[in-house]
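First up is the structure itself, then whatever we jot down about it.
Note that the structure is predicted; figures quoted are calculated from it, not measured. Because only heavy atoms are used, hydrogens play no part in the values below, and waters and symmetry mates are left out as well, while side chains stay in. Each ligand, and each atom within it, is numbered from 1 in the order the structure gives.
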Amino acid sequence: MTEERPIDGHFTLVQLTDTHLRAEGESVHGSVDTFANLTSVLDLLVASGQRVDALVFSGDLADDGDPAAYRRLRDAVEPVAESLGAATMYAMGNHDDRAAFGRELLADGGSDSDRTFDSVRLVSGVRIVVLDSSTPGRHDGRIETPQLRWLAEVLATPSPRGTILVLHHPPISSPVTTVDYLRLQNPDDLERAISGSDVQMVLCGHAHHTGAGSIGGVPVWVGPAMSYRVDPAPPLGRHRGLAGFGFTRIDLLESGFTATAVEATPAAVVYDESRQSVLAKLADLSRRAG
Ligand SMILES: [Fe+2]
Ligand SMILES: [Fe+2]
């Protein structure tokens with residue numbers, strides 16, 4: 001595996017999940033302009049000037065597998081990734097269509113619906129492994145035996161700065177019954193495959209609510225969706241979606257990998273100061289506190 005960016009101490013992966021894009025002029029659930037959500041976040045990333053090593057899309061990229069949705073995604077993401085100098089990786093979700101996903105995003109025209117789209121890249125010394133947890137015609141998730149074998153082979157050799165594993169379906173339970181019903185169906189197989197390996201974190205989407213847990217001691221992060229929220233505390237007996245979207249930044253910091261949810265729903269600014277002046281105030285406070 002060739003190194004795609006020199007190792008220089010920093011690493012930031014941006015996880016965008018559940019973009020649920022549709023063809024131009026179409027909205028999701030009759031009200032959400034998911035393409036506008038995507039472009040606002042891509043603009044935010046460019047405008048922030050922050051370093052981004054990898055842009056990782058963890059499934060449900062399209063809302064209904066429409067090839068036009070994948071073309072919109074590719075055309076919006078590629079120039080941004082290029083300007084950021086970021087590697088891009090795409091995972092399949094239950095709303096995606098394998099043939100359209102492969103053809104439009106990966107320039108891979110394979111038509112065998114049994115094949116899975118799994119990939120691995122080394123970015124700034126961090127190995128990013130993407131697993132396809134979708135099953136055509138189903139909404140729950142599964143990692144098949146050949147994928148588990150492939151994963152074990154990939155993980156047999158440690159990478160310089162550890163591995164981040166990405167798959168759409170969380171291998172952990174959700175307090176939202178409907179979401180829980182559609183989680184990964186064979187988490188024990190996944191746990192065995194990553195046991196004793198250098199996997200530092202498992203990144204998922206699918207739930208449309210932010211959450212965290214662990215599998216075999218490895219942290220699992222369920223990222224906030226880019227399209228809309230599933231309400232994790234609705235009135236009893238109800239299942240509902242709410243407006244709102246965001247993404248996750250995964251940073252390799254002094255203490256290891258950290259997942260941080262970034263709210264991207266337009267919101268009023270409470271304060272906006274220079275970092276330098278805030279740090280100076282904090283230093284002054286700690287001096288006075290002795
Ligand atoms: Fe989704
Ligand atoms: Fe999903």
Side-chain angles (χ1 to χ4, degrees), residues 14-23 26-38 41 55-66 69-70 72-73 77 89-101 105 113 116-118 130-144 147 165-187 190 202-213 220-232 234 239-248 261-265:
V14 167
Q15 179 200 10
L16 301 128
T17 195
D18 295 83
T19 46
H20 284 266
L21 296 186
R22 297 186 67 99
E26 296 180 3
S27 58
V28 170
H29 290 295
S31 64
V32 184
D33 183 348
T34 49
F35 189 70
N37 291 3
L38 173 68
V41 165
L55 281 171
V56 177
F57 292 81
S58 50
D60 284 359
L61 311 184
D63 189 48
D64 59 358
D66 188 337
Y70 296 108
R72 295 183 92 193
L73 178 65
V77 169
M89 294 183 80
Y90 300 104
M92 279 282 300
N94 52 299
H95 281 258
D96 291 306
D97 176 83
R98 280 199 180 138
F101 176 97
L105 284 182
S113 68
T116 55
F117 285 104
D118 310 305
V130 168
L131 282 179
D132 179 347
S133 58
S134 72
T135 306
R138 294 187 66 97
H139 283 291
D140 56 7
R142 171 164 285 279
I143 304 296
E144 304 296 343
Q147 294 178 278
L165 180 62
V166 181
L167 72 162
H168 182 64
H169 295 81
I172 56 172
S173 300
S174 165
V176 180
T177 316
T178 43
V179 172
D180 194 54
Y181 187 70
L182 300 177
R183 72 176 190 264
L184 190 77
Q185 299 300 297
N186 58 337
L190 186 66
V202 179
L203 305 182
C204 309
H206 189 51
H208 288 232
H209 63 67
T210 310
V220 173
W221 173 256
V222 184
M226 283 285 292
S227 45
Y228 62 90
R229 307 275 187 241
V230 163
D231 186 355
H239 175 66
R240 63 183 189 180
L242 305 172
F245 63 104
F247 63 96
T248 301
V262 185
E263 188 60 43
T265 314

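In this structure, the side chain of D63 does not engage the main chain of H20 through any donor-acceptor pair within 3.5 Å. Looking at D60, its side chain never comes within 3.5 Å of a backbone N or O of D18 through a donor-acceptor pair.
Between the Fe ion (ligand 2) and D60 there is an N/O/S contact shorter than 2.8 Å. Among the atoms of H208, an N, O or S atom is found under 2.8 Å from the Fe ion (ligand 1). When distances to the Fe ion (ligand 1) are checked against a cut-off of 2.8 Å, H95 contributes no N, O or S atom below that limit.
Considering all non-hydrogen atoms of both residues, V32 and S227 come closest at CG1-O, 3.2 Å.
Using a 4.0 Å cut-off between charged side-chain N and carboxylate O, D64 and R22 make a salt bridge.
At the Fe ion (ligand 2), the vertex angle linking ND1 of H206 with NE2 of H168 is 90° (nearest 10 degrees).
Atoms CE and CG, on M92 and D97 in that order, are 7.0 Å from each other to the nearest 0.5 Å.
Among the heteroatoms counted here (N, O or S) of D18, OD2 is the one nearest to the Fe ion (ligand 1).
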